[in-house]
**Q** 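Below you will find the structure I want to go over with you.
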Amino acid sequence: MEGAQVEPACTVDSQPAKDPPVMRFTWPIENFTRLNTKKHYSDMFVVGGYKWRILIFPKGNNVDYLSMYLDVADSGTLPCGLSRYAHFSLAVVNQIHSKYSIRRDTQHQLIAREGDWGFTSFMPLSYLYDPSRGYLVNDTVVVEAEISVLRVLGYGSYDSKKETGYVGLKNQGETGYMNSLLQTWYHIPYFRKAVHHMPTTENDMPSKSIPLALQRLFYKLRYSESSVGTKELTKSFGWDTYDSFVQHDVQELNRVLCERLEDKMKGTVVEGTIQQLFEGHHMNYIECINVDYKSTRKESFYDLQLDVKGCRDVYASFDKYVEIEWLEGDNKYHAEEHGLQDAKKGVLFIDFPPVLQLQLKRFEYDFMRDTMVKINDRYEFPLQLDLDRENGMYLSPESDTSVRNLYTLHSVLVHNDEVHGRHYYAFIRPTLSDQWYKFDDERVTKEDVKTALEEQYGGEEELPQTNPGFNNTPFKFKKYSNAYMLVYIRDSDKDKIICNMDEKDIAEHLRIRLTKEQEEKEDKRRYKAQAHLYRTIKVARDEDLTEQIGRDIYFDLVDHDKVRSFRIQNQMPFNLFKEEVAKEFGIPVQFQRFWIWAKRQNHTYRPNRPLTPQEETQSVGQLREVSNKTHNAELRLFLEVEFGPDLRPIPPPVKTKEDILLFFKLYEPEKQELRFVGRFFVKSSSNPAEILGKLNQLAGFTPDEEIELYEEIKFEPCIMCEHLDKKTSFQLSQIEDGDIICFQKSISLESEEECKYPDAPSFLEYIHNRQVFHFHSLEKPKEEDFSLELSKLHTYDDVVEKLARQIGLEDPTKIRLTAHNCYSEQPTPQPIKFRRVKHLTDMLVHYNQISHILYYEVLDIPLPELQGLKNLKVAFHHATKDEVVIHNIRLPKQSTVGDVINVLKKKVELSHPNAELRLLEVFNHKIYKIFPHSEKIENINDQFWTLRAEEIPEEEKNLGPHDRLIHVYHFTIDTAQNQMQVQNFGEPFFLVINEGETLAEVKERIQKKLRVPNEEFAKWKFAFLSLGHPEYLQDSDVVSSRFQRRDVYGAWEQYLGLEHSDKAPNSAHATSQYLGLQHSDKAPKGARAANQASAVVNTSFPTSIFQAEPTPQEDAAQVTLESMASDVGHETASREIEKQNDDLDGPASPAVDRTLRRLSAAEDLLKSTSAREPSVEALAALDTVSRYASSSLDTLCTNGAYEEFKAALKLVTEQGMIPSTTTSMFKDLLSSLEGEMPKYVDAVKELAQTEGFPVEHEKIKAQMGLAVQKCQERKDIVANYDGKVTELEAELARVKAERAKAMADLETAVDEMEPLKQRFADSSLKSENMIVRQTTLALQKRGSVGTWAVLQDALKKYFKF
């Protein structure tokens, strides 16, 4: 149990009731207000023979309500598939008036992966903690639970097919949303028929063909008797197991699958089906009021996104969809030759599709919380939807009025987020009859129209009046189960859409294939059902050993999966079984002797002893009990058959205790071959020298041939094959039945040097480590060039030597190897470091996965020489021409940026001979760094960031004291789904802003610099952006007043933005902080759709949220308080609260806390957006990030470590592990750390220079210590108030004021330190200098370590290290 111990006063009373019995559990919780745990469990209690407990969240599960759940106490140990179906109620007892007790009931099927169920918003915390209301008396709360276990059953016990005629779909982890969509599609017969008519062949692989996978799925949904799996289909999407446990956006999945199917249908008989079913068209128009000008644009849609917030029902959403927007005043429309004009803007529908898919916008971006929140407002939708209402108010003049747009509701897709974060299911009426069905993953049930409609409206529900609540007023609770997607079918197309479908619509090869699979499945089921009646006996013979050893196997004696197998009834006497063997092998019963195999402690498997006559009289089943204590159904035997001189079988010899049965293998070093040559009995008292002649005979050697003997002892985990002394008896050598002796000719020293594996042990060592590896050229990573058999113990040099021989290359050192990423099936981003790994085995491991693939490339210089060089890819931007040229520059690693620039000057065309160049770091269309000429290139990573070289403009070389050098970026704003998304594109640049310069003057210079035509430039908007929030500027505004910073390294906090259309095709957008120029995105429709699908909300706070500028600590606390109001599952919520509270323990540095606030917001954002699939580079960089995330700051300060970490983190944030918009947050942390670390390192160096001097002037030192102590005390006060903010929301205003005062005191304390620092600076005493350096070091390290700690925490939150 977590937290405080549960009181022993809990009681369980039996309550008279009909079967099944109802049990009541009472749980008094004392010291309730002093509970300091996030969640609190009751003692376990038993109902229906099973263990239960109650789980509460005393402070709410991220809501301002008491959260309470019924928990399966032993859910972690439940057998796979076992579930418990229970009806239960939970109550908080009113201890003053019991009739006012709050009770809520439900029923649910609890399973191992979903072991609790209940109510996130049980009752308001304000009511619970108010002593006058009677729920909290003497600091005690009494909780009651009444439970009846309706049935305890396996997952398959409820027969959906029998009860409803339909079957469900299995959930792979987080695929409930997909199951709902697939069931909806399946129950549109016209769509299903079209899918079945898509051409597929019997040779297609369903895991690689979406059409075939969908056909198979639909066939099984129709003919299967139980729920159907979806793994084939998700594999055809390209998903792996990880993707099945990640929530994907439903609308995006819908669109992507439709596009895939639409593409696959082209050129077939069903081409155009997707458009015919789902495609509608609307017209965007802008019409001028005072002049005759109208602009229209026709667009198609497959689904419509309707607003929920502020709308009562679907009709209200459509009203809002076509609502007119008036363009007037400052927002006039530029009407080409007419100039700026008053106009009206809107959307009207040209036509609606036969199947209308409505996506309800249940999620929106909350700027105050800086995250996505769900809208649980009540939102009604009708059974019949009339889109011709009010004389066709939604239709454009060109629409076809002969088409009646009257629709009937077909499907309701539901999202429930009350427990465990989210759960998806669908209500569907397949034939549009009055009968609804609920498709909840594997389970299908019949439901009434009220459940399918009214209960999915959302909003609030009231407790029954029999339990009136407070002051006889109804007690209301939020309903977290509500519709997020609706599917309507047009009445006039009903007969066409809900059409008949029979077997002739299904491809014959599919019917045959699936029928055969079903028969095989049924055979396996029957076989499994009868398995307890039979035993499988596997019989190995000498022939099997001869055939397998040296070919299929080298160690032990036989692979039992490749010997003759008999399936025998348990009751059959073993003697009768011997007759079956006689028939099979032609060996009479009297000549058969069977040995039982035994697994030894060293994991080898050898014949142990012959069966006794008594055992052979028993049944097969009894024999299994004698020989095998593990109770499996398989019995393994070795059949011993002896042959006479005429090669006919003879009776086996009598075996005494002194007789030992040995098996012999011959090794031939010249051929590198090992083979089985026979077996025979020896006396334990004899020695190997006595059998040398017999062994020479078996091998075909001369009788006097010198041979060496080795005992094969074991092969796992390492080879043990030891030399056998010929003169020591078998007994003293511990040789026993079933042992293996390897022998070979004795070889000379000369022959030994010529043979690679001169003896049996070395050969077996090679066999143990050898493996076939597949080599791909790095230029064509998908194509295998060849395979080589190598040893896992080979070194880098061994591998490239064999590789060079294979490809005919004289110099093996020119080959460079790259490892294989097992998850992405691609090469890793970085090659294997030359001679940095000991063996080939180490080159093959990637995230605990072992690959057999290596990539190679042939270099122009030897690899050892190349490793001393650094290759940089630099994009040079010409100063006067619109051209960019990529240059590859290779220099020694110790070279500097200045050396790069000198080489570049010789390669590029400069505007004038004396032009100066600079090197920039560009990422996501933003400039992050200007490299100093002295910086070493060794730590620069150009693989994931762009290195840009350009001439330094003359105006930047002579900045005045009040001039500012600012960043200017291009951007657009996408407001889709109520989310303000700032998207960057194009080339960023610097601009000098002069003091007093207005926007009009700046615009003139920008237009001249970018050479934009007047007509186009007139459409551009200019904005000052801070923290991702644009503030649009007027021509008269003084631009320099907005930018206070002189340095350019904080540019992601403030910048000038140019908002205008991105006319480059397929441009990728990213988010940032900068001064923005705004204009519309005119990229092709496909590119915009792709950008919108992948765009993520900017996670920065708008500066206009608060009346006064709050402190960073207040912002961090505010994020924590707001995040508590979000609705997520209790496990997720618990982790979130802990992380948020941990965040508030960070350092008091404003820059760090500002970043901490944004990181906290990003954490919430991640929970409501679809994670992108990690790319090859991101997976590779993750290992580097995780390694440094657990390191100290000192480790990060080592040579090259910080740059390596930074490059890896940039890649991870850029390419798939988290949304791209959070990149700027990590950038802030890295920038802050980058500013602090040099100071810290310099302080360390300075201190080292003065370590030998004595410390004097104790008085000054004491004063300095007091000043530092005072600073620390003020910081402690701030930290204490941080904790109070999270717990005492009601006192937030007062705490803010006190914290502000504490911060002021802290600043005063810092100011008080300045005179002391000045005294030390003026002092000539080295001891005083040492004190200054010690104190400076302490302060610098405190800031740096604090920042690093925050960054580590953030990394651990994002990547779960």
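Remember, it's a predicted structure, so these values are computed and weren't measured experimentally.
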**Q** Could you pull out the closest heavy-atom pair between Asn61 and Ser67, with the gap in Å?
**A** N-OG, 2.9 Å
**Q** Can you measure from CZ (Arg429) to CG (Asp434) and round to the nearest 0.5 angstrom?
**A** 7.0 Å
**Q** Who pairs with Thr273 by side-chain contact (heavy atoms from CB on, under 4.5 Å), at least two apart in sequence or on another chain?
**A**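 Partners of Thr273 under the side-chain contact (heavy atoms from CB on, under 4.5 Å) test: Tyr190, Ala194, Met265, Val270, Leu277.
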**Q** Near Lys193 NZ, under 6.0 Å, is it more than 12 heavy atoms from other residues, nucleotides or ligands?
**A**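 Yes, because the 6.0 Å sphere around NZ of Lys193 holds more than 12 heavy atoms from other groups.
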**Q** Quick one: closest heavy-atom pair of Lys320 and Lys309, and the distance?
**A**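 The pair with the smallest heavy-atom distance is NZ-O, 3.8 Å.
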**Q** Could you tell me whether Asp400 atom CG has more than 12 heavy atoms of other residues or ligands within 6.0 Å of it?
**A** yes
**Q** So which atom in Pro189 and which in Cys499 form the shortest heavy-atom distance, rounded to 0.1 Å?
**A**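 Closest pair (atom of Pro189, atom of Cys499, distance): CB-O, 3.4 Å.
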**Q** Checking side-chain polar atoms at under 3.5 Å, does Ser89 have a donor or acceptor matched by the opposite partner on Arg103?
**A** yes
**Q** Atom CG of residue position Asp502 - does it have more than 12 heavy atoms of other residues, nucleotides or ligands inside 6.0 Å?
**A**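 Above 12, so yes.
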**Q** Can you tell if the side chain of Leu395 reaches within under 4.5 Å of the side chain of Phe349, non-hydrogen atoms only?
**A**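 They are in side-chain contact.
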**Q** Going by atom types only, do Tyr425 and Ser481 share a side-chain donor-acceptor pair under 3.5 Å?
**A** yes
**Q** Taking 4.0 angstrom as the limit, do Asp159 and Arg443 come out as a salt bridge?
**A** no
**Q** Taking the side chain as everything from C-beta on, heavy atoms only, tell me whether Tyr315 gets closer than 4.5 Å to Tyr394.
**A** yes
**Q** Answer yes if the side chains of Thr445 and Glu163 hold a donor-acceptor pair under 3.5 Å, and no otherwise.
**A** no
**Q** Measure up the Phe352 and Phe318 rings against each other and bin them: parallel (under 30°), tilted (30 to 60°), perpendicular (over 60°).
**A**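 Correct class here is perpendicular.
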**Q** So do the side chains of Ser227 and Lys170 get within less than 4.5 Å of each other, counting heavy atoms only?
**A** yes
**Q** Atom OH in Tyr321, atom NE2 in His282: separation rounded to 0.5 Å?
**A** 4.0 Å
**Q** Taking the side chain as everything from C-beta on, heavy atoms only, tell me whether Val167 gets closer than 4.5 Å to Val444.
**A** no
**Q** Answer yes or no on whether Arg192 is positioned over the face of Tyr186, meaning its NZ or CZ is under 6.0 Å from the six-membered ring centre and within 45° of the axis.
**A** yes
**Q** Using distance alone, with no hydrogens and no angle criterion, decide if Tyr379 and Ser317 have a side-chain donor and acceptor under 3.5 Å apart.
**A** yes
**Q** Given side chains that start at C-beta, do those of Trp185 and Ser180 come closer than 4.5 Å, heavy atoms only?
**A** no
**Q** Please name the pair of heavy atoms, one in Phe301 and one in Leu356, separated by the smallest distance, quoted to 0.1 Å.
**A** CE1-CD1, 4.4 Å
**Q** How long is the gap from CG on Leu385 to CG on Leu358, to the nearest 0.5 Å?
**A**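 Between Leu385 CG and Leu358 CG, I get 7.0 Å after rounding to 0.5 Å.
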**Q** I need the His187 NE2 to Ile497 CD1 distance, nearest 0.5 Å.
**A**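 Those atoms lie 15.5 Å apart.
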**Q** Between Glu380 and Arg378, is there a side-chain N and carboxylate O pair less than 4.0 Å apart?
**A**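 The answer is yes: the pair qualifies as a salt bridge.
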**Q** Is the closest side-chain heavy-atom distance between Lys298 and Met283 below 4.5 Å?
**A** no
**Q** Are more than 12 heavy atoms from other residues, nucleotides or ligands located less than 6.0 Å from atom CZ of Arg312?
**A** no
**Q** Of the non-hydrogen atoms in Leu360 and Met485, which two are nearest, and what is the gap between them?
**A** CG-N, 4.4 Å
**Q** Going by atom types alone, do Asp505 and His197 pair a side-chain donor with an acceptor below 3.5 Å?
**A** yes
**Q** Using a 3.5 Å distance criterion without hydrogens, assess whether the side chain of Arg362 forms a donor-acceptor pair with backbone atoms of Ala483.
**A** yes
**Q** Nearest 0.5 Å please: distance from the OH atom of Tyr424 over to the NE2 atom of His415.
**A**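 NE2 of His415 is found 4.0 Å from OH of Tyr424.
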**Q** Quick one: does NZ or CZ of Lys161 land under 6.0 Å from the six-membered ring centre of Tyr166, within 45 degrees of the ring axis?
**A** no
**Q** Check whether the side chains of Asn179 and Asn171 place a donor and an acceptor atom closer than 3.5 Å, and report yes or no.
**A**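 Note: Asn179 and Asn171 side chains miss the donor-acceptor criterion.
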**Q** So, Ser224 versus Tyr219: side-chain donor-acceptor pair below 3.5 Å or not?
**A**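 Result is no, nothing qualifies.
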**Q** What residues form a salt bridge (Lys or Arg N to Asp or Glu O under 4.0 Å) with Arg490, not counting sequence neighbours?
**A**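 Partners of Arg490 by the salt bridge (Lys or Arg N to Asp or Glu O under 4.0 Å) criterion, ordered by chain and then number, come out as Asp493.
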**Q** Is the shortest heavy-atom distance from the side chain of Phe427 to the side chain of Thr451 under 4.5 Å?
**A** yes
**Q** If you take all heavy atoms of Ala452 and Trp436, which pair is closest and at what distance?
**A** CB-CD2, 3.6 Å
**Q** What I'd like to find out is whether the side chain of Gln183 reaches to under 4.5 Å of the side chain of Ile428, using heavy atoms alone.
**A**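 Yes, side chains in contact.
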